[in-house]
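Input: a single structure, listed below in structure tokens.
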Amino acid sequence: MHLVIGLVHLQGCEQEVREAQEGSNEELKNECIMRLSWALVHSKQPEDVQRGIAMLESSLGTNTSPLKLREKLYLLAVGYYRCSEYARSREVVEECLKIEPDFRQAQTLKRAIEDRITKDGVIGIGIAATAVGLVAGGIAAALARRG
């Protein structure tokens, strides 16, 4: 059910962007693109998330207010996080927090990123230790058979 609602929302945003591009109101067009970017980075479909990231990256160069830049950076960090690109997500969310240090959503995202990096690091250490143990066990078993 959520997938259908998300798809309908995404299609509605895409329609808004198409209609806004036909008009001359640049502000409306930018608002529609931001809504579409939000919908894309929050999609359950990885290709949608990638599309949202690409849209946000391409719009970063445009002249925008600090508030709009903060929003774009935050959404970009969400997209990277959802793609498991935690280091990039952390870099972008830190840029966002430079603009507005008290931005609660960005602070929460940064904590989630750091928790995920820590968790993945601990898992990585566990996997490496297990691999070393298996290799050492294999060598010991081979030596025992030879002896």
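All residue numbers in this chain count up from 1 along the given sequence.
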Between [atom1] of [X] and [atom2] of [Y], what distance do you get to the nearest 0.5 Å?
X      : Y      : atom1 : atom2 : answer
Ser37  : Leu56  : OG    : CG    : 4.0 Å
Gln105 : Leu97  : CD    : CG    : 11.0 Å
Leu60  : Met55  : CG    : CE    : 12.0 Å
Glu71  : Cys96  : CD    : SG    : 7.5 Å
Tyr86  : Thr118 : OH    : OG1   : 12.0 Å
Tyr74  : Leu69  : OH    : CG    : 15.0 Å

What I'd like to find out is whether the side chain of [X] reaches to under 4.5 Å of the side chain of [Y], using heavy atoms alone.
X     : Y     : result
Asn30 : Lys68 : no
Ile53 : Cys83 : yes
Val41 : Arg51 : no

Partners meeting salt bridge (Lys or Arg N to Asp or Glu O under 4.0 Å) with Glu91 (sequence neighbours left out): none
Nearest atoms (heavy-atom pairs only) where Asp102 meets Gln107: CA-NE2, 3.6 Å
Shortest non-hydrogen separation from Arg82 to His42 and the atoms involved: NH1-C, 3.1 Å
Within 45° cone of Phe103 ring axis and under 6.0 Å: Arg70 NZ or CZ: yes
NZ/NE/NH1/NH2 to OD/OE distance under 4.0 Å, Asp115 and Lys119: no
Sidechain N-carboxylate O distance under 4.0 Å for Arg88, Glu95: no
Which residues share a side chain to side chain contact (heavy atoms under 4.5 Å, CB included) with Val92, sequence neighbours left out: Leu73, Leu76, Ala77, Tyr80
Side chain to side chain contact (heavy atoms under 4.5 Å, CB included) partners for Arg90, two or more places apart: Glu94, Ile113, Glu114, Ile117
Donor-acceptor contact present, side-chain Thr108 to main-chain Arg104, <3.5 Å: yes
